[in-house]
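Here the structure comes first, spelled out in structure tokens, and everything after it is commentary.
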Amino acid sequence: MDGTHHTPDAHEQWLLEALFTPGVLLGAAHAYGHDPAYPARVTAVEEIATVRVPSGRLAVACPWPPDDDYDVPPPVAFELAERVPPGPHPVEVAWYEAPVLFMDEIQDRRQVAAVRLRLTGAPVARWEAAAFLPVGSADPGGHLGTDDHGRRYFYDEHQCCAFADAAAWPELVEPFRQFTLDAIARRPNDGRGIDYLHDHAFQRTSSPARAADLLAFPSSGITAWLGRAADGTPATVLVLGALEDVDLVPGAAAPSRDHE
């Protein structure tokens, strides 16, 4: 994620535009062998929280420590190379519904399709893969890699990402680190310092001293997209959610479920 600028291809462009459009069919769910009769569809877009970024330095990373390091170091923050407007920014989630196979039964389940941080009220004129400051050889709790398009990404074992003020990162991730330390030591921890939203799907921490926040959310793999306004200024940062169980099909037609 150290960020060669990459513009989306046709499939990615469709996805970035479709994710926050209620009613759009994203493709087929994986239930019953990727059967297209089980569609995944965007159902709603909802503002769920505000993240304060007083420093103008935005971190996009998983707040949980890596599972395989029993010293439990603080997780490394990926910091956006470009500064964002200081202040509070709304966070919006796009929800999708898709059938999932659970205990040999098909059930409709609402999941996170994508999460975006709105930096301004301007519409996005163009997208690019976000560029991040170098983090050296540090492993941010996942497996660093470069995809076929040259984008930096990592797969995080916690399947989690967060938007946060990078200047306050150590304070903001400490409750996650303390939870992990207590779990290893088998000490009780009720998640103190962490606010849980939407049935624990989202976690929020705050730094009163810095008036800064962190909001964590489900993500199956982190490639952040930066949306720019027509004048080139950053308008939105978007991260994909839990889409690992969906076969994405641009322009998919609504399938029939007459066999049910």
Spacing of [X] atom [atom1] and [Y] atom [atom2] [to the nearest 0.5 Å]:
{"X": "Q13", "Y": "R126", "atom1": "CD", "atom2": "CZ", "result": "12.0 Å"}
{"X": "L133", "Y": "L80", "atom1": "CG", "atom2": "CG", "result": "8.0 Å"}
{"X": "T50", "Y": "L117", "atom1": "OG1", "atom2": "CG", "result": "9.5 Å"}
{"X": "F176", "Y": "L181", "atom1": "CZ", "atom2": "CG", "result": "14.0 Å"}

Do [X] and [Y] come close enough that some side-chain heavy atom pair is under 4.5 Å?
{"X": "V237", "Y": "L119", "answer": "yes"}
{"X": "W95", "Y": "V112", "answer": "yes"}
{"X": "F20", "Y": "V42", "answer": "no"}
{"X": "W225", "Y": "H6", "answer": "yes"}
{"X": "E46", "Y": "E92", "answer": "no"}
{"X": "W127", "Y": "T7", "answer": "no"}
{"X": "V53", "Y": "H89", "answer": "yes"}
{"X": "D165", "Y": "R210", "answer": "no"}

### Task
Test side-chain contact (heavy atoms from CB on, under 4.5 Å) on L197 and L215 and set out the steps.
CA-CA 10 Å; L197 311 174; L215 185 73; 4.0 Å; yes

### Message
Parallel, tilted or perpendicular, judged at 30° and 60°: which one describes the rings of F202 and F217?
### Response
tilted

What's the shortest heavy-atom distance between [X] and [Y], and which atoms?
{"X": "L240", "Y": "S219", "result": "O-OG, 2.9 Å"}
{"X": "G121", "Y": "R118", "result": "O-NH2, 4.2 Å"}
{"X": "T180", "Y": "P65", "result": "OG1-CD, 3.5 Å"}
{"X": "E82", "Y": "P234", "result": "OE2-CG, 3.4 Å"}
{"X": "G227", "Y": "V124", "result": "CA-CG1, 3.7 Å"}
{"X": "G193", "Y": "P175", "result": "O-CG, 3.9 Å"}

### Query
Between W169 and P75, is there a donor-acceptor pair closer than 3.5 Å when you use the side chain of the first and the backbone of the second?
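Yes, because the side chain of W169 sits within donor-acceptor range (under 3.5 Å) of the backbone of P75.
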
### Query
Within the distance-only criterion (no hydrogens, no angle test), does the side chain of E12 pair as donor or acceptor with the backbone N or O of D9 below 3.5 angstrom?
yes

### Query
Tell me the side chain to side chain donor-acceptor pair (under 3.5 Å) pairs involving residues 199-209, sequence neighbours left out?
S206-D213

### Task
Start with the C-alpha gap between L214 and F163, add the side-chain angles, then the distance that decides, and say whether side-chain contact (heavy atoms from CB on, under 4.5 Å) holds.
CA-CA 6 Å; L214 175 152; F163 294 132; over 6 Å; no

### Task
Show your working on side-chain contact (heavy atoms from CB on, under 4.5 Å) between L26 and L243 and close with a plain yes or no.
CA-CA 10 Å; L26 296 175; L243 289 169; 4.2 Å; yes

### Task
Using ring-ring contact (aromatic ring centres under 6.0 Å, His included) as the criterion, list what pairs up with Y96, not counting sequence neighbours.
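Y96: no ring-ring contact (aromatic ring centres under 6.0 Å, His included) contacts found.
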
